[in-house]
Structures are given as C-alpha cells and as structure tokens.
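The structure appears right after this line, and notes come after that.
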Amino acid sequence: MILNRETLINLVLAALLLAVPLAANALGQPFYITLATRIAILALAATGLNLALGLGGLVSFGHAAFFGLGGYVAGILAAHAFSGDPLLFGLSGTKQMWVIWIVAVVLSALVGLAIGAISLRTSGVYFIMITLAFAQMVYYFAISWPPYGGEDGLSILVRNQFPGVNTMRPLTFFLICYVILLLGVGLFALIRASRFGSALQAARQNEVRVATVGIEPYRIRLTGFVISAMITGLAGALFADLNRFVSPSMLSWHMSGELIVLIILGGTGRLFGPLAGAALYVAFEYALGGLTERWQFFLGLILLAVVLFARGGLLGLLAGKARHG
Amino acid sequence: MVEPVLEISNLVKNFGALRATDGVTLDLRPGEIHALIGPNGAGKSTLIHQICGTLRQDSGTIRFAGRDIGAQTGAERARLGLGRTFQVSSIAPEFSALRNVMLAVQAKQGSSFRFFKPVMRDRGLVDTAMTMLERVGLTARARIPAAELSHGERRQLEIAMALALRSQAFLLDEPMAGMGPEGSKSLTRFLDTLRREAPILLVEHDMDAVFALADRISVLVYGRIIATGTVEEIRRDPAVRAAYLGDHA
Amino acid sequence: MTVALAFEQLLNGLQLGVMLFLMAAGLTLIFGVMGLINLAHGSLYMVGAFACAAVAAWTGSFWIGLVASLVAAAAAGAIVELVVIRRLYDRNHLDQVLATFALILIFSEGTRWLFGSFPLYLDIPPLLQGALTLPGGTEYPVYRLAIIAAGAVVAFGLHMLISRTRLGMRIRAGESDREMIGALGVDIRTLYTVVFALGAALAGFAGAMVGAIQSVQVGMGEPVLILAFVVIVIGGIGSIKGALLGALLVGVTDTMGRFLLPKLMVLFVPPAQAGMIGAAAASMLIYIVMAVILAVKPRGLFPAAHA
Amino acid sequence: EPLKIGMITTLSGGGAGLGIDTRDGFMLAIKNSGNKDITVVTEDDAQKPELAVQIADKMIQSDQVDVLTGIVWSNLLMAVAPGAVAQGKFYVSTNAAPAQLAGVNCNRLYFNAAYQNDNLHEAMGEYANKGFKKMFILAPNYPAGKDSLTGFKRYYKGELVSEVYTQVGQTDYAAEIAQMRASGADGIFVFLPGGMGIAFMKQFAQSGVKIPVMGPGFSFSQDVLPAIGDAALGAKASGQWAPDFDNPASKKFLADFRKEYNRLPSIYAVQAYDAAQLILSAASRASVKDADAFRAELLKADIQSPRGKFKFNTNQHPIQDIYLTEVVKQDGVLTNKTVEKIFADHGDAYAKDCKI
Amino acid sequence: MLLDVSKIEAFYGASQALFGVDLSVAEGEAVALMGRNGMGKTTTIRAICNMNPPRIGTVRLGGMDLRGKRPHHVARLGIGLVPEGRRCFPNLTVHENLVAAARPGKWTLERVNGLFPRLQERHAQMARSLSGGEQQMLAIGRALMTNPRLLILDEATEGLAPVVRQDIWKAIRRLKADGLSILVVDKTLSELLPVADRCVILENGRSAWSGKAAELTTELQDRYLGV
Ligand SMILES: Nc1ncnc2c1ncn2[C@@H]1O[C@H](COP(=O)(O)OP(=O)(O)OP(=O)(O)O)[C@@H](O)[C@H]1O
Ligand SMILES: Nc1ncnc2c1ncn2[C@@H]1O[C@H](COP(=O)(O)OP(=O)(O)OP(=O)(O)O)[C@@H](O)[C@H]1O
Ligand SMILES: [Mg+2]
Ligand SMILES: [Mg+2]
C-alpha cells in the first residue's frame, strides 16, 4: 500500500504521542507524561464521539453523560473497594481496572441504548438538544445526589490497578491509555471501512436513500450511537483514574462541548482528528495557561483562526480533503 | 391471466383538504412497462411515495409479490424488491458513484451489521457494483464523488442502484428528466431491456419515451385514474388529450 | 399552601417564561430563522448587560444605558458577522459551533479585560421601582411587569417581522438557499449582517433588562444560552409563537417544579431530605419535559409551518 | 532557604473576582515580607476541577513547588488536595474547607487558614437564636449548600418554617421570594454565593417583602457588595473579619491593600494574606524539606492576623472569633460594620473526627 | 449586444469545467445553449451570473463588465434566472416565493398568476410540498417577478406535462415578442428550435458551434447532441 499523506501524518501523530512521554520520562519530567496521558484519554473520548458525529452525523451534545458515567464507575467501584461497603445486590467494589472498564463499557452501552433510542426519533438540531437534555439530567442528578460527593466529587485515593504493572508510575499508566487509544482508533478505522460504517455514513448524507436500498437508518444509527457511547465511557473511566478524582464537571455541557470542539479542531470524521484536536487543545491550554492569565482569550483567537483558515480542522489543513473511496 | 406483481387498490392520501390520490387502483404485471402519466400535481409522485412507504396511505391496500405491504417500512419494502428512483435525484453525495451502488449491493446481499471487513476489499461487493455501473454506462465515473456528477449522470446512478437491488419491480419517477436527447434515447433502449428483468412502473413526461416503451398507460388526473389502455387508445382519448397531451400526439 | 400563593407562583412562572422568551428572542432570529448555531448568544447578552451597567453608572441613567446596550450588542453582532460568521454560511453547522465557541472565550475574557473581574452594579430605573398590588392582593414588582410587557412587544414585533414582511421572507429564503436568493437580486450578505446585528441587539436588550435584576458578571450568559436553546427547541425551531409558548411552558414548569416538588416529596421521604430531593428533581425537570416533548413530537410543539 | 509556592486559583470566568482577591491578598503579604527566597507561581484553574488537577500535577512534577495554595472552591480543592498531600506537598487553604478534610480525611500536610465551611453558618444560627423565632433558610442544592444549612441548624434553636434548596446557578428567585412572603417567618437566612446572591438580594429588595435577611459573611463581602448596591443595606452577616476591625494588623493590611490595589479587600484577600503570613513565618524558621519541622512551625500560627486572635485546632483548621456584621454605607461606599461578637475562640464540629 | 460572453474559463475548486466559452445574446433575441450532458451549460450560466465567477474571460451585460460584481448585483442589472433543479424556497409559501425578491415592472403577481393559474390555486402552500411541475412553474414565475431584461432558463420545461410545456413555450414566445431577451437551455429540440433565433453548442466546456437555428442540420445535431 502506498502511504498517502493522511496516513503519514497519522503515523507521525501516533509516534509523537508516544515519543514525548518516553522522552519526558528519560529527562525526569513526569508532568509531560501526565499531559500526554490526558491527550490520549481525551482523544479516545472524542474518537468515540467521532463515530457518532463524524461518521453518522449525529451531533451528540450529551456525550459528557457517558464520559462522566465511565468516570463515576471507576470512582464508585474504587470507593466501595476502599471502604468495603457492598455495592448493589451485595456485589463489592473493585480496584481492578479491567473490571472497571468492562462495567463502564457495559453501562455506557445500556445508557447509550436508552438515550439513543429516544433521541434518534429526532434529527438535526433537535437531536443536539435532546442529547443535551439527557446529559443535563444526569448532571443535575450527580450534583445533588449526596452519597457520592455531589458537586464535590469523589476522590480515588490510589489509582486503580492493572495486573502485573504499577499504574501509579505515570509512564505505565500512559502506556495503558495509549494502547487503548490505538485500539479505539483501530476500531474506528475498521468500522468506518466496513459495511456498517458505509451504511452509517450514508445515513448521514442521505437518510432517504439508505432506506430506499432497504437499510433501516434508525437501527444503524442506534448501533453507531451505542458503540460511540461505549468508547467514550471507557475513556471516562481512564480519565477518572488519571485525575484520581471524578466530579460532575465531567458530566457538564462544557465537557460535551469540549469533545465536539476537539473533533472539529482536528478534523471531523477523520481517523486521527480527535487526537490531533486533543493534542492541539491541551497543548494550547497548557502553554497559554502558563503564559498569561488571559489565556482563554488567546485560546479563543487561535480556535477562531483554525475554523476560519483551516477548513476541515487541523488534518484538513495538513492532509487536504477527506476522500471516501 | 398472470398474477400481477404489484397491485394497488383504492389508495387514498389526503394532505389537509387536498386529496392527492383519490382511490387509485392500478396493477403492474410481469414483464410489462406500465406508464403513469398525468398533469403536474396529479399525484403521481405521491402514489410512488405511498407504494415505497415514504408516505403512509390513508386508506387502500398495496399488495406486492403476493403479500400486503401496506404496513411495512420503506426499508422493508425495498428489501422485498421494490426498487425506485426519485424525481429529484437522491444519492449519498460524498460517496463515489461506486460506493453509492455498493451500498445497494450490500443491502441486497444481506446484513449491514458487519463491522470489520473493509468494503473496498470485498471483491464481491465491488465487482457487482461495477457491473451495475457498467450497465448504465458510468464505468468511467465510478470513482468520482457523486456530488460532482452532472445532473444526467446522477439519474443514471440512481438506476444503477435500483438495479443492484435486483428488484422485483421498478418504480421510476421521471428517469428521463434532465437527460439530453442522446441520454434519453439510450435510457429508452436500456429500459426496454430492463423490463425483461422486472416490470416497470414508469412515471414520465417525455412522451416520446412513453409511447416507445409502454405496454399500458394509465392517466392520473387530480388523484384519479381517468383512463388505462394501450398507447393507441390513450393517444386517441379526447379526455387525455385535453387534460394532458395537448397537441402532442 | 394557599390558593393565593399557588396563583402567585403561576404568575411567577409565566413571568419567568416571558423573561426566558426575551432572553431567547435574539436567538430565535439568529438560530431559529437564519439557521445559524450561535453559541455566542449568551456573550451578546452579557455585552448588553455590561454596556448598560457601565453607561448607566457613568451617566446615571438606566435608559441611556439601555440604548447603549442595544448599540453595543448590535455593533458586536455586526462585527462578529462581518469578520467570522459571514465566512461560515456555506460551511458545515459544526464549524459554526467551533467558531462561536471560540467567540465565547474571546467575549468573556475580553469583557473581563475591559471591566475587571468583579460583578457590576446595575439597578432598575426609579420609574419602574416598587411593587404594584394586583387584584387578589398580591404585591408584584413593577419591573417584572415591565419585563413581561417588553417580552410581549418583542414577541409580537418579531412575529410580524418574520412572517409578514418581505424582509422576513428573504431571511427565510436565505436560510434554505442563500445562493439562489442572491441570484434573484437580493443582497443577502448585507441583509444577514443586519439581521444578525438585530438578533444581537435583542440579546443585548435582554441582557440589560434582565441584568438589572440579576448579577451582571462575566459568564452570566452561559445559563441563558442553554435555556434559550431549550426554549426554542421545545417550541419548534423557526416559529416565534412556538418560542414564546415554549418559554412559557419552561417558565411555569420550572417555577411550579421548584415550588411543588419539595412539597410533594414530603409524602415519600423524611422532610429533611424532601427538600433536597425535590430540588434535585426540580432542576432536572425542564430537561425531562424537553426530552419527553421531543420524544413525542420530534420537531417541537409548534413546528414552524415554514421550517 | 528557597521556598516555592504554587498558587492555583480562579482568574477567569464568573468566579474570577474571588481568585483575584485571593492572589492579591497573598502576594501582598509576600511583598511586605521582602523575603527574596520565596517564589510564587500562579495559574488559573478556570473553576474547572480537571484543569486544577492538571495544574497541580504540573506544579508538583514540573515546577517542583513545596506548598500549594489558592483554591477558592470546595469541589476543586477536593480534586487537588488529597493528591497533593499524598505526594508529600503542603497544602494551605485560603478559602475552601469541606467537612471531609476537617474530619475523617484530615491530613498532617493540609492546613486551612480561613475557617471551616460550616463556621459562618453556625454563627448565624447562634445569632438567630436572639430574637428570631421562625426562620426561613435557603441554599443551593449542592454539598456546600447542604453543609451551610446543616451548620446553621446545628446552633439555631427556634422554629424552621421552611428549608429550601435552590438550583445551582439559579438566577431568578421570584418563586422562593413568594414562599418567603407567605411563610410567616420573621427572619431569612440565605447562603447564595457569588452571582446567585447578587440576583437574590436585588430581587428581594424589589419584592417589597420586609423580613430581615442574614447570611454568611462572604455573601456581603467586598467583591459583591458594590454589585448588589443599596439592596444590601442592613443585611446581617457573620465574619471573622470586617474592614472596621480596630487592631493594628487590620489597619495596616487595609492601608497596604488599598495602596497597592486601589480597592477595598474582601474576606478572601484577608484569608489569603494570612495563609501567606503563615507560610512565611514557618519558612523563616524551618526548612520545608523537613516536613515535620515545617509543620510544627505552621501549627504555631505565629502571625499578626488582621482578624486578631488566630490559632490552629487539632485538625489544623482555625480557632477564631466570629462577629456579626452589618452592611452600611460609609462615605458613599457600601461596607461591613462590626456589630458584636457571636463566638469567641470557635473551632469546628469535625475536629473530633480528625486523628492526626 | 445585451449579453456578451467571451472566452470564459471556470472551475469547480481545482477542476476546470469551462475552457473558453463564447456566447452572445442581442436585445430581444432568444438564444439556445445546447450540448450533451455534462458539457458545461449550467456552469456557463452560473459563470454569467457570477455564482461561479469565471477566472478568465469576460462577461458583459449591456456593455458593463460584470467582473467582481456580486450575484445579487448582476441580477439587479437585469438577469432573471430559472435555475437547474428549480430551487424554489421550500420553507416559503408559493406567494412568498413569488414576492420575496420581486422588483417592480410589467410582471406583477396578477400577470404571473394569469400565466400559471395553478400557482394561484396553491398560493398558500409551502413550496416544499408542490409537485415537481408546480415547482417549475413557480421558479419561472419567481424569475419573471424580478422583471429581468434577460431571462435565463436552465431546463425550464423539465418534468412538465406536455400541455404545460406547450403553455410555457407559448409564454416564452410571448415574452420574446414582448422584446425580452432569452437564453435558454432545453433538451427538447423540437420545441426549442422554433423559438431560438440562434444556437450555441458546447462541447467539453468549449463553444463548439454557433449559428442560426435553421442552420443546425441533422448531421450537426447528431455530431454534437447525439440526436
Ligand atoms: N406534503 C404535502 N402537503 C401538501 N400538499 C402536497 C404534499 N405533497 C404533495 N402535495 C400536493 O399533492 C399534489 C400531488 O403532488 P405530486 O407530487 O404527487 O404530483 P405529481 O403528479 O408527481 O406531479 P409532477 O408531475 O409535477 O411531479 C400536488 O398538488 C402537491 O402540491
Ligand atoms: N459542483 C461541482 N463540482 C465539481 N464538478 C462539477 C460540479 N458541478 C458540475 N461539475 C462538472 O462540470 C462539468 C459541467 O457540468 P454542467 O452541470 O455545467 O453540465 P451541463 O451541461 O449543465 O449538464 P446537464 O445537461 O447534465 O445539466 C461536468 O463534467 C460536471 O461533472
Ligand atoms: Mg412528481
Ligand atoms: Mg445542466
């Protein structure tokens, strides 16, 4: 296969994301590992959303619900494991990441199924708003529900464990996140090229056409939405472990908005769009935040410049228009 | 008499006070091209929409391939073998012509819930789609995004998609519209061969094509069929001349 | 609980509804009719409030401040349209999301840069101070009645503008096919700048009016943004009537929810928790209502005939 | 001996006023000390917990700070403090003081220089016992709001006619005000921080309801008073400090602050000023590298606080006097006047749970 | 010459669609623009209206160079466009579609309604729900309401019933007799040729032939149009 430009850029991005923490580790600058981990996790969350939004055209303004759900799964299971109090049905909490991941993914799928089943009756802006409505319900619930900290959130005192490694080491945890990100992106790539992906993308472009060839757009979209929720939920669990803390702000509409922004910034529907977007956003947030207290002003200007002058986001700028074979 | 493939009886559709189809009864027999003509706004497209399930009829029945499909969704009817084209082309604009057709092929071949195998590496899918494009003469344009196709080419693409569904019946809503004289002629020839595959309900204002192709013609005026008959009968029918043909005959 | 109190709460709900409509009015124009996703609506609202507060403090007159709020917001709107939005009409909706998200950051920090980090003082004008005794004996603040009046006037004016004037037709036509309306000889570019500025001015007007009874501070536009979208979407995009009714529904639901749900919860849980649980339910209520409405009527309560 | 302090506070968005007063009060003390060994790095958390965590990580791992401080909000503090102390850093809180960190989850490296969240509400509860038979109490529906009403109820002995929780970020209070009017209460206690309080007070003033309003000090502090305007006149509040305090430290602080920043300081500035004084005093006598020694010096609280008396409880939270203040207008400027002392040497209810 | 197009070249993004088109329409003249599918007829029209401004070459209307003028300006100079695919405003009623961009002149609502009584019957209906033919009538009526000097019809009879087409051709003849200049694209030669004074044929984005309608022999038709 010939390397086209986008593939090349993608490889460079993936390599960079790996190289920076390795270098930081060697130089004894663990903070940059943390930063890279954050990028990887946000990119994973956005990759999930990208499946719904980029491929399916389902602009979910409520993906923070899944992100936060994943986060709370990690937080709550860990808290119960710590305190020893049993959870529902006498089950106990756990500090094993992989168990947490499975629970987060399954719960996200279920919640995604419920939200999607109702939301997908609407379309366009109505869809944006109904997904927002669901996320807001979860948000307000979390804020005012005392057992798990309400607005104060929930601390995970010690990062959850993964068999055979020490997750408290920043580099180890980064590598876990990095591998999961690559798996997520790989899944995205497979799905995009598959029959299901074709149908999903076609449903975005022309719903009537899809129905006319005999494919139910609703089912395709619902499936896409659920898969998307699962990936974002998993990212949420990782995010909680990164911060060792989970709070309703993971569920807020700002978070949903930020995920959307990451995608557009990187390039909607592009394989590595979320990663490019997350890297750019986090890097600017970090760099500007250190420079000036007016950093949000300049962040705004930069985002604006990207929309106005880089059509199709960062990848659009670097790799040109997306092709659909 | 052979069993009709498609049988519509007493189909009624109201838009508020407007009765767009007013008790239409019509059938489509194997191997035939049944033309449906009528003035603008007579309800032809509305009728097609109801048959395909894009619109739900208020009353009346639609039988297709021996069963009542009046309650099924559009997608289900398509899977049963109703292939259609739209009066205004309806395609997935970002996909290439090829992937548009592949979408139809994959729908025909079975489930769209396959998540891992890349479609472009699926020879069966690609080759079948290419065959369809070849049949409508779009081979050279296969890799062009559908948005960049000219008007006429999009119409051909739609037909290729209907073909790919291996439909039991074709419902074509003004396929000639926007085709140049040459295009119309070749499409006419093409439809003439297509009828061997499945019967066609043809809505068309291009009378040259209709007269050349139709086995039977029904004339819809204000939501009602006012006449059904052979080309000659219809050409001679004074009511049809007044309502529709004018001095074209 | 007395009947009089329940009645007063209903009135409060309606009043909140009209206030929400006023806050959503500019967005109805920009988003509902022009079809532009403008996340910076809340920022324009904030600009109006700040302009009013600053000018009122400087001149001592709320009314001059109010005029200033219109001018400042309209100017901000026009600049935003000319510099940013204009380039995005033929783009994906998502680009509008990103651009206007960026504008929120710029506006918020820009405002803080200009006015500092502390909330500003803005009081209602002496003319509208005090309370009025309504039939039935309830006292009701005059200013709130003034907001109701302003909301009603804006609703009526917008409705006429959109559905009865050629300008309205052209805006709607531009929404569905900008190129075509241009090809028919309408200078849609300038028209859209003007309409955007008008929408911005309405946002600014609401900011000044409502700001006088709230806190004039950076970030004040954010809750407004979400509520305004909720209101418009519940009502049905593109319809002024829908937006108004949507706003009233949200206002009454929210007020009555806040008022009644804690009382209702007492029946099920100990009173100490009833307040909290009731309040939690109340804060979720409008979103629940919205989700139910959209699930049943996917295009809102009153889908605009022309949307 | 060099000492590096990381200040994470809110410098942008709606809550920026609090963060700016925090920073300014803190830096004033640093500047006054003339201590050149101390460096302070400041960053904006934009009031987002995740961002605060990121900055804390950066300050600890990259900037190698020794002490963290500055967070205004409880939920951000809960995100940052446990992790920071787990990594062996001191945290000195300038404001936020959630119950958890005062009680079971207290930590040797965590100090609070402000108060415990409940303190001011407790004081109002105590004050309300005198002359208010029926109280209407109200707070937003989130942990700080619940703590507030819990604190109030801990001391208030009269009848509660109503206990209302509002939505976080609510801007319209017509419904609640109507309930107040109808409740028959003779006093109202509200805890509505920031913009919520401003909106409430303005709307309350217009409603024509004449029941006296009281609240915790920061509801009528200098950052919000100008925005509320005359609607705040007469409101009673509780505080550990008011600008009219008649002690040399307070006078100096007030004069220095006004000279430096040309405005009146709020309570946040005082708290941060004291936090800085505490760190300075400890740093002048012990090395921060020797955590035990540094901690011991901090615990001595050997500073001249504008608040007057100030010492640490066993849970490393303040024991201090709490006063009743009233909003008055002086020379055309709204400010708080001290009325009386409510509590002397007041600690908090959670210290007993703290096992250090 | 009312309209004078010389050597224009136009692009869609990077891909060139016109490679040098020459065309002119005199005052009161009806010119047919012809060519197979995809040869550039629509693109030429878009270029004239500056909806897709030519990168090279000039377009003059009544002697005025249209370079750099925005489409609405071009329209106000007197071009009325009936675009390919109708493009009625779906969210406006029939009546609103007609009056939204109307400019004063001979053509009034009454006259248009007289020309297409069907539109009068449907005046309060949303254009989205009109039948295809009704939309076509609406698009023509809408262009006429701007009272143009030059009417451009891109496949204006597509999808119309024979009786209506005859009406429309009749109307076009009448418009021409009124002195209106017309540039028309249509595929039905039998109807087009009697109306057209001159024909211009495009092939692969170039003007390949132009001349009097009568000179368009069957060989030429076969060569360029595939009839
Ligand atoms: N959704 C709708 N609401 C109201 N009226 C409608 C709707 N859809 C169609 N109509 C009306 O129903 C009538 C029939 O429309 P239809 O599109 O079926 O006509 P048609 O026979 O296909 O005409 P044409 O040949 O011009 O395409 C028209 O008068 C049209 O205006
Ligand atoms: N939006 C577009 N983007 C890219 N290429 C385009 C676009 N529209 C048209 N083209 C190309 O430009 C060429 C000329 O197209 P045009 O639409 O002008 O042809 P036409 O003569 O009007 O054809 P028809 O008779 O089918 O309408 C075609 O090759 C077409 O593929
Ligand atoms: Mg039709
Ligand atoms: Mg064309």
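What you see is a predicted model; the values in this text were computed from it and never measured. Numbered from 1 within each chain, the chains take letters A, B, ... in sequence-line order.
- With a 4.5 angstrom heavy-atom cutoff, C:Phe101 touches chain A only via side-chain atoms.
- Interface residue C:Leu225: only side-chain heavy atoms are found under 4.5 Å from chain A.
- Contacts between C:Leu285 and chain A at a heavy-atom distance below 4.5 Å are absent for every atom of the residue.
- Pairs of residues two or more places apart, or lying in two chains, never qualify as side chain to side chain donor-acceptor pair (under 3.5 Å) while including a residue from residues 40-49 of chain C.
- Only the side chain of C:Ile37 comes within less than 4.5 Å of a heavy atom in chain A; its backbone stays farther off.
- Heavy-atom neighbours of chain C within the stretch residues 303-312 of chain A, taken at a separation under 4.5 angstrom, comprise A:Leu303, A:Leu304, A:Val307, A:Leu308, A:Phe309, A:Arg311.
- Looking at A:Leu53, the atoms closer than 4.5 Å to chain C (heavy atoms on both sides) all sit in the side chain, from C-beta outward.
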Under 3.5 Å donor-acceptor pairs involving side-chain atoms of residues 218-228 of chain A, not counting sequence neighbours:
residue  : atom : partner  : partner atom : Å
A:Tyr218 : OH   : A:Ala117 : O            : 2.6
A:Arg221 : NH1  : A:Glu207 : OE1          : 3.4
A:Arg221 : NH2  : A:Ala203 : O            : 2.9
A:Thr223 : OG1  : A:Arg219 : O            : 2.7
A:Ser228 : OG   : A:Gly48  : O            : 2.8
A:Ser228 : OG   : A:His63  : NE2          : 2.6

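- Remark: the backbone N or O of C:Pro298 is not paired with any side-chain donor or acceptor of A:Arg121 at under 3.5 angstrom.
- For A:Ile128, the part lying under 4.5 angstrom from a heavy atom of chain C is the side chain only.
- Interface remark: of the candidates C:Gln96, C:Glu222, C:His93, C:Glu222 forms the most heavy-atom pairs closer than 4.5 Å to chain A.
- Neither the backbone nor the side chain of C:Phe107 comes within less than 4.5 Å of any heavy atom of chain A.
- In this structure, A:Tyr126 contributes its side chain and C:Ile237 its backbone to a donor-acceptor pair below 3.5 Å.
- Neither the backbone nor the side chain of C:Val289 comes within contact range of chain A; no heavy atom of the residue lies under 4.5 Å from a heavy atom of that chain.
- Taking the six-membered ring for Trp and thresholds of 30 and 60 degrees, A:Phe297 and C:Trp113 have ring planes more than 60 degrees apart, a perpendicular arrangement.
- The shortest side-chain heavy-atom distance between A:Tyr139 and C:Tyr287 does not fall under the 4.5 Å cut-off.
- What you find for A:Met129 and C:Val233 is that their closest heavy atoms are CG-CG2, 3.2 Å.
- Contacts of C:Val292 with chain A are absent, with no heavy-atom separation under 4.5 Å from either backbone or side chain.
- Pairs of residues two or more places apart, or lying in two chains, never qualify as ring-ring contact (aromatic ring centres under 6.0 Å, His included) while including a residue from residues 250-280 of chain A.
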